[in-house]
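Hydrogens, waters and symmetry mates are skipped; everything else that's a heavy atom, side chains included, is used.
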Amino acid sequence: MTTDFRMVWEALTTCPGTCSGCNIAEKTDLENGLWTPQQFETASMHTKKLLKNCNHNSRQKLFLAAGDYLYLSEEQMKMVFDSVDKTLDKEAESRILLFTTSAIGKPEFI
């Protein structure tokens, strides 16, 4: 039997708030607007505890929500992706990472 495991981490604490209809107050300090390494470690630990109930046939999805992750620096993105990679079971049937972003206000980025 395949288990479908889904987890949401709200790892951004600030966002430019440029999406239409967004309720997040605009804050642009993304240098300090991301979980600390200790917060990622805590989220990883709790997620791994929940994953112990899944078998290796599981489909594991981790969703990074509430904010625009494309505003992060390469170093910050690497830290986030490394944390997710370390958390999800490498022997799972599938491991999927989703994250929120927006093209609004970033034509030069696109």
Side-chain angles (χ1 to χ4, degrees):
M1 182 168 126
T2 301
T3 305
D4 193 20
F5 178 87
R6 299 172 190 198
M7 174 62 71
V8 177
W9 288 357
E10 291 194 12
L12 284 182
T13 59
T14 63
C15 180
T18 56
C19 295
S20 175
C22 180
N23 292 323
I24 296 175
E26 181 177 345
K27 294 181 181 168
T28 56
D29 180 18
L30 288 180
E31 187 66 32
N32 299 308
L34 181 65
W35 280 353
T36 65
Q38 294 78 18
Q39 288 170 306
F40 275 104
E41 186 61 37
T42 299
S44 178
M45 178 187 65
H46 289 293
T47 302
K48 286 179 181 181
K49 283 182 186 176
L50 293 170
L51 280 168
K52 286 184 179 184
N53 297 324
C54 297
N55 56 34
H56 290 307
N57 294 334
S58 64
R59 293 184 297 254
Q60 300 176 9
K61 298 173 186 83
L62 202 147
F63 185 43
L64 302 171
D68 192 339
Y69 285 81
L70 290 183
Y71 273 106
L72 297 177
S73 68
E74 285 186 39
E75 182 179 307
Q76 289 171 315
M77 285 292 268
K78 182 171 178 3
M79 183 187 69
V80 171
F81 290 165
D82 286 348
S83 182
V84 170
D85 183 50
K86 170 179 92 169
T87 301
L88 298 179
D89 184 354
K90 290 181 177 31
E91 295 181 28
E93 181 180 304
S94 65
R95 300 175 347 136
I96 298 171
L97 170 64
L98 303 135
F99 60 90
T100 55
T101 189
S102 172
I104 297 170
K106 298 188 294 249
E108 69 284 349
F109 185 80
I110 296 167

Residue pair [X] / [Y]: nearest heavy atoms and the distance that separates them:
X	Y	answer
D89	R95	O-CD, 2.9 Å
A65	V8	CB-CG1, 3.9 Å
D68	L12	N-CD1, 3.5 Å

(request) Answer yes or no: does atom NZ of K90 have more than 12 heavy-atom neighbours from other residues, nucleotides or ligands under 6.0 Å? (result) yes
(request) Mark yes when over 12 heavy atoms from residues, nucleotides or ligands other than K48 sit less than 6.0 Å from its NZ; otherwise mark no. (result) yes
Could you measure the distance from the [atom1] atom of [X] to the [atom2] atom of [Y]? Nearest 0.5 Å is fine.
X	Y	atom1	atom2	result
Y69	F81	OH	CZ	10.0 Å
R59	F5	CZ	CZ	14.0 Å
L88	L97	CG	CG	8.0 Å
F63	E10	CZ	CD	9.0 Å
T87	L51	OG1	CG	8.0 Å
N53	S58	CG	OG	11.0 Å

(message) Ring-plane angle category for W35 and F40, please: parallel below 30°, perpendicular beyond 60°, tilted otherwise.
(response) perpendicular
(request) For the pair E75 and S73, evaluate side-chain hydrogen bond (donor to acceptor under 3.5 Å, both in side chains) and give the outcome as yes or no after the intermediate values. (result) CA-CA 5 Å; E75 182 179 307; S73 68; 5.9 Å; no
(request) Any chance you could lay out the side-chain hydrogen bond (donor to acceptor under 3.5 Å, both in side chains) test for T42 and Q39, step after step, and finish with the verdict? (result) CA-CA 5 Å; T42 299; Q39 288 170 306; over 6 Å; no
Applying the 4.5 Å side-chain criterion to the ILVMFWY set and letting contacts propagate, would [X] and [Y] be lumped into a single cluster?
X	Y	answer
L72	M79	yes
L50	V84	yes
I96	L62	no

(message) Please evaluate residues W9 and T47 with respect to the criterion side-chain hydrogen bond (donor to acceptor under 3.5 Å, both in side chains), reporting the C-alpha separation (whole Å), side-chain torsions for both, the decisive distance (0.1 Å), and the verdict.
(response) CA-CA 10 Å; W9 288 357; T47 302; 3.1 Å; yes
(request) Apply side chain to side chain contact (heavy atoms under 4.5 Å, CB included) to the pair T3 and E93, showing each step before the final yes or no. (result) CA-CA 9 Å; T3 305; E93 181 180 304; over 6 Å; no
